[in-house]
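Quick note on labels: first sequence line is chain A, next is B, and so on, each numbered from 1. In what follows, every heavy atom counts, from backbone to side chain, and hydrogens, waters and symmetry copies are set aside. The model shown is predicted, which means the values in this text are computed figures rather than measured ones.
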Protein chains: 4
Amino acid sequence: MIIQLDMQSELPIYTQLVNQIIEGIASGRLKPGEPLPSVRSLASDIGINLHTVNKAYTLLKQDEFILVHRQKGVVINPDGMPGITKNYRNKMRGELKPIAAEAICRGMSREQLLLEVERIYQEITQTDKEND
Amino acid sequence: MIIQLDMQSELPIYTQLVNQIIEGIASGRLKPGEPLPSVRSLASDIGINLHTVNKAYTLLKQDEFILVHRQKGVVINPDGMPGITKNYRNKMRGELKPIAAEAICRGMSREQLLLEVERIYQEITQTDKEND
Amino acid sequence: MIIQLDMQSELPIYTQLVNQIIEGIASGRLKPGEPLPSVRSLASDIGINLHTVNKAYTLLKQDEFILVHRQKGVVINPDGMPGITKNYRNKMRGELKPIAAEAICRGMSREQLLLEVERIYQEITQTDKEND
Amino acid sequence: MIIQLDMQSELPIYTQLVNQIIEGIASGRLKPGEPLPSVRSLASDIGINLHTVNKAYTLLKQDEFILVHRQKGVVINPDGMPGITKNYRNKMRGELKPIAAEAICRGMSREQLLLEVERIYQEITQTDKEND
DNA sequence: GTGGTCTAGACCACG
DNA sequence: GTGGTCTAGACCACT
């Protein structure tokens, strides 16, 4: 699992970490049951503080993307991912709305916008299917 | 123009303001050339700090959504909205990616995701076309 | 709001804090909408680190006992408390079970156990109704 | 005696073990004088570390739920269970208080809470009286 | 060696 | 001045 952080980004490091791990799962590079590095090793690997990694893991744990197994350590939730809850739907819509609004302002058509989304969907699901 | 702010949101107030004005433009409720309230009056209307409104206006000006005339006051950019620049495309994709990734993780199909986006597109463009 | 911490307790400080604030709400000493001290001031008041207070507040926020208002600061959730969700019921039962089991082992009758619970219920709801 | 451990639980494994054995006694599935598996065999049976089982047994011994004979092995205390000591009462009340407080916050009535406790009491004492 | 907790001190965004 | 983020270093409980 390669993690790419942008230390200049406005997004907190732990958020970038969360996003990248979720993208890793979405792309199939990280599979249910698969172990994740310990907070300490990941932190030292990517050169950040262990508390920052810990916060990312805590958030992922809260949403049940990962779980902390007392023996196996941190693993991608083997029982599958959290579903499409009402809460989640609202959160997603709240995030999509300002993006769509700006796209509309800038003259993007419905088709163009959908194409962008489709393109990203493809990009994620087809990432590195053969290599690991 | 009715502004709805959530003081409990994790989003800064000025970001919520920016979003709502952009949504206002996208929905057609705010038209190019149309005046916006002054920093002072908007701030007192919705009960927030001057600086907060100022910051929102500054950001909107930077992206050329609005123009700030010393005398005429603040108006929606009469020369039309900013276009779909390369910068904007990258920004949008960067925002869509984690949303799409989480949707995929949670088992949302390409069609479901596109439907959500389409739904929001509709919702914005058909918002309150008659009433103000 | 008087906070009593036991630094020798096996319970983490932040958990004790969470419990005491919840007890404060349950007893009526803390009312919905009422402001809580800032993390910094509370931390210095009770002589602990601000991060510890922060963790307690974060947990209370997650469960919607409190919320962080951008203008008013931290307040007891004015929209009322979280309800009796399925999750909560399961959590509560999971906590009660070992307590009940040990009580049974030690020969406590159903009546005695219920009396204990009733006693505590009274104790909480009648705490300092007149004084603040 | 079937032991069900949750490796994802926040509760340490040894605590879960202690709880389950106490529940076993409370339910009547484990009777005074009855032998318990050796540290070694129990550990290998449920796939955990020797030390973990050992810690659980040590705690149970401290509270006199079990006796550890060098030769006879581990048995449920044949002289009966520990009584309702002052220490125990305080411990129990300290555990019940935050549970009751949260229940009150969430709007649970005295009757509802007592019903929950009664329900659990029943559940334990009627667990699998015939089957083992 | 693991995650969890706590402290201390720093910077930043926000209002 | 507020909460949020990040770092650094320490101790402990657990396995």
Reading DNA chain E from 5' onward, which residue's closest nucleotide shows up sooner: B:P12 or C:P12?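 Mapping each residue to its closest nucleotide by heavy atoms, the 5'-most match is C:P12.
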Does C:T52 or B:H51 map to a spot on DNA chain E nearer the 5' end, using the closest nucleotide for each?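 The 5'-side residue here is C:T52.
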Choose from [options] the nucleotide whose nearest atom is closest to any side-chain atom of [X].
X: A:N49; options: F:dG4, E:dG15, F:dA8; result: F:dA8
X: C:S38; options: F:dT2, E:dG4, F:dT15; result: F:dT2
X: A:V74; options: E:dG15, F:dT2, E:dG3; result: E:dG3

Please give, in whole Å, the distance from [N] [atom2] to [X] [atom1]?
X: B:L59; N: E:dA13; atom1: CG; atom2: C1'; answer: 13 Å
X: A:M7; N: E:dC12; atom1: CE; atom2: P; answer: 14 Å
X: C:H69; N: E:dG15; atom1: NE2; atom2: C1'; answer: 11 Å
X: C:K55; N: F:dC6; atom1: NZ; atom2: P; answer: 16 Å
X: A:I46; N: F:dC6; atom1: CD1; atom2: P; answer: 11 Å
X: B:E10; N: F:dT2; atom1: CD; atom2: C1'; answer: 17 Å
X: A:L42; N: E:dT2; atom1: CG; atom2: C1'; answer: 14 Å
X: B:Q16; N: E:dG15; atom1: CD; atom2: P; answer: 8 Å

So, is B:Y14 close to the E:dG15 phosphate, meaning a side-chain N or O under 4.0 Å from OP1 or OP2?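 For E:dG15, OP1/OP2 do not have a side-chain N/O of B:Y14 under 4.0 Å.
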Considering just the side-chain nitrogens and oxygens of A:R70, establish if one lies under 4.0 Å of OP1 or OP2 belonging to F:dC14.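 Indeed not, no polar side-chain atom of A:R70 lies that close.
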Any base atoms under 4.0 Å from [X], or only sugar-phosphate, or nothing? Heavy atoms, all strands.
X: D:I48; value: nothing
X: A:Y57; value: nothing
X: C:L50; value: nothing
X: A:K72; value: nothing

Watson-Crick or G-U wobble partner of F:dG3, both distances under 3.5 Å: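 Its partner is E:dC12.
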Taking [Y]'s backbone N and O only, do any of them form a donor-acceptor pair with [X]'s side chain (distance below 3.5 Å, no angle check)?
X: C:Y88; Y: D:A103; answer: yes
X: B:D63; Y: B:F65; answer: no
X: A:E23; Y: B:K97; answer: no
X: A:E102; Y: B:M92; answer: no
X: D:E34; Y: D:V75; answer: no

Just wondering, do D:L17 and D:I48 contact through their side chains at under 4.5 Å, heavy atoms?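 Contact flag for D:I48/D:L17 side chains = yes.
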Looking at A:R40 and E:dG1, is any side-chain donor or acceptor paired with a base atom of the opposite kind under 3.5 Å?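 Check fails, no donor-acceptor contact within cut-off.
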